[in-house]
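Notes follow once the structure below has been shown.
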Amino acid sequence: LRFEMYEEYIKRRVLSIQSHVVCGYVGNRAAVFPMQLLGMEVDNINSVQFCCHTQYKEVKGQILGSQELKQLVDGLESNGIHHYSSLLTGYIGSVEFLEQVADTGKRLKTANPELLYVCDPVLGDNDHWYVSKDLLPIYQNTILKLANIITPNHFELGWLTEITITDMESAIAAIDKAHEMGVGTVVLSSFPSGKDNLTLVGSQYSQGKSKKFSITFPHIEGIFTGTGDLFAALLLVHFKRSGKLDKACELVISTMKNVLQATQEKRKALESADVQQSFKCELDLIQSKSSIENPTLSCSAIPI
């Protein structure tokens, strides 16, 4: 019985390697809370510790080095507490750190060959790069072969596959190219489809065949940060629970809709406050607790 309890506990363990901010909800601050709400035992390593995210006027803090990451993982391993069921990674700011993340993924998969690695390959958005382009070859040549699931936006998937995504046809071509590059499951989190809509495309590749679906949902106007981090965290948990990618994505999109609508309402309530706009636009994550725990489905996956 004790062994079975331990095995069940291991199935809930997640290591999340992302950024951390004192104020706001991006990186681990956007990912850890919802995963814990949904029953996961989350350990987090903060790739950076900043006062706030980079859309604020001034950012101060510290950056974790690649050797410091290695020391932390060495410590987990030497204490025999490096057995995880899942690994989640997001924003990585340097080549050296990304290489160490790849090494960490390999070590964790050695400890647990069934490890689920969900990677949000944060490169940029809206034709704007967040990181150095020097990271791109590592994602292309190493991470795509190591990760089980990637969750890029259309800008990121376009750069990873060198296919510009403008419509469903090019989205499918880019996803197929990503499969060829080594990753089994791709969730293109969104690309513009029509005046007021966005479309998600999910695809699982196995034994020479891929199974694809799409979800089209209304675009919610506004400036939001941390949405990709929240998206990947929710996807990890819901996919882990059901094993069904389409159902997991339905729950993710439905939850995201509720969180973003709550964030819009909060921003309006703070409109007259004498604070930076970035503060007003922070995700209304804590007050969305019930929406995260029990999302109301608002979309349906359609097979492609």
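All values below come from the heavy atoms of this structure, side chains included, with hydrogens, waters and symmetry mates left out.
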Report the C-alpha distance between L236 and V14 in whole Å, list the side-chain angles of each, state the deciding distance to 0.1 Å, and finish with yes or no for side-chain contact (heavy atoms from CB on, under 4.5 Å).
CA-CA 9 Å; L236 185 155; V14 181; 4.1 Å; yes

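In this view, T164 and T166 satisfy the side-chain contact (heavy atoms from CB on, under 4.5 Å) rule, not counting sequence neighbours. Scored by the side-chain contact (heavy atoms from CB on, under 4.5 Å) test, V32 finds N28, Q36, V42, N44 as partners (sequence neighbours excluded). Residues forming a side-chain contact (heavy atoms from CB on, under 4.5 Å) with H20 (at least two apart in sequence, or on another chain): R29, N46, Q49.
For the salt bridge (Lys or Arg N to Asp or Glu O under 4.0 Å) condition, the pairs that include at least one residue of residues 12-26, sequence neighbours left out, are R13-D43. The salt bridge (Lys or Arg N to Asp or Glu O under 4.0 Å) contacts involving residues 112-136 comprise nothing, where partners must be two or more places apart or lie in separate chains. Applying the side-chain hydrogen bond (donor to acceptor under 3.5 Å, both in side chains) test to every pair with at least one member in residues 172-185, sequence neighbours left out, gives these pairs: D176-K212, H179-S203. Screening residues 231-278 for ring pair (Phe, Tyr, Trp, His ring centres under 6.0 Å), with sequence neighbours left out, gives no hits. Listed by first and then second residue, the side-chain hydrogen bond (donor to acceptor under 3.5 Å, both in side chains) pairs involving residues 242-265 are S254-S298 (not counting sequence neighbours).
Following chains of ILVMFWY side-chain contacts shorter than 4.5 Å, one can reach F33 starting from M256, so the two form part of one hydrophobic cluster. When the side chains of ILVMFWY residues are joined at heavy-atom separations under 4.5 Å, either directly or via intervening members, V26 and I220 end up in two distinct hydrophobic clusters.
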Donor-acceptor list for residues 88-102 side chains, cut-off 3.5 Å, not counting sequence neighbours:
from, atom 1, to, atom 2, distance (Å)
T89, OG1, Y117, OH, 2.9
S94, OG, F97, N, 3.1
Q100, NE2, D103, OD2, 3.3

Donor-acceptor contacts, no H, no angles, side chain residues 187-197, under 3.5 Å, sequence neighbours left out:
from, atom 1, to, atom 2, distance (Å)
S189, OG, P152, O, 3.3
S193, OG, T199, OG1, 2.6

Distance-only criterion, 3.5 Å: show the donor-acceptor pairs between side-chain atoms of residues 286-297 and protein atoms not counting sequence neighbours.
from, atom 1, to, atom 2, distance (Å)
S288, OG, D284, O, 2.6
K289, NZ, E293, OE1, 2.8

Could you pull out all donor-acceptor pairs under 3.5 Å where a side-chain atom in residues 271-278 meets a protein atom, sequence neighbours excluded?
from, atom 1, to, atom 2, distance (Å)
E271, OE1, R267, NH1, 3.2
Q276, OE1, K57, N, 3.1
S278, OG, Q55, O, 3.1

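Under the 6.0 Å cut-off for aromatic ring centres, W129 and F155 qualify, their centroids lying closer than that. Y130 and H128 have their aromatic ring centers within a separation under 6.0 angstrom. Checked against the 6.0 Å centroid threshold, H53 and Y56 count as a close aromatic pair.
By the neighbour-count criterion of 12 heavy atoms within 6.0 Å, atom CD1 of I223 is sparsely surrounded, having that number or fewer from other residues, nucleotides or ligands.
Nearest heavy-atom pair, G105 versus L146, reported as atom, atom and distance to 0.1 Å: CA-CD2, 4.1 Å. The two residues L160 and Q140 make their nearest non-hydrogen contact at O-NE2, 3.0 Å. Pairing each heavy atom of I163 with each of S170, the nearest pair is CG2-O, 3.9 Å. Among all heavy-atom pairs drawn from L283 and Y25, the shortest one is O-CD1, 3.4 Å. Taking each heavy atom of K11 and K240 in turn, the nearest pair found is O-CE, 3.8 Å. Considering every non-hydrogen atom in both P34 and L230, the closest pair reads CG-CD1, 3.6 Å.
Side-chain N or O atoms of T227 include none that pairs as donor or acceptor with a backbone N or O of F224 at under 3.5 Å. With hydrogens and angles ignored, the 3.5 Å screen pairs a side-chain donor or acceptor of E156 with a backbone N or O of N153.
At least one side-chain heavy atom of L108 sits under 4.5 Å from a side-chain heavy atom of H82. Looking at heavy atoms from C-beta onward, N112 lies out of side-chain contact with Y84 at the 4.5 angstrom threshold. A heavy-atom distance below 4.5 Å is not found between the side chains of Q62 and E68. Taking 4.5 Å as the limit, some side-chain heavy atom of L157 sits within range of a side-chain heavy atom of I175. Contact of the T151 side chain with the L235 side chain is registered, since non-hydrogen atoms from C-beta on lie closer than 4.5 Å. With contacts defined as side-chain heavy-atom distances shorter than 4.5 Å, the pair Q204/S210 does not qualify. Here the side chains of F213 and L245 are in contact, with some heavy-atom distance below 4.5 Å. A heavy-atom distance below 4.5 Å is not found between the side chains of L251 and L234.
One distance of note links CD1 of I149 with OG of S86; it measures 9.0 Å at 0.5 Å rounding.
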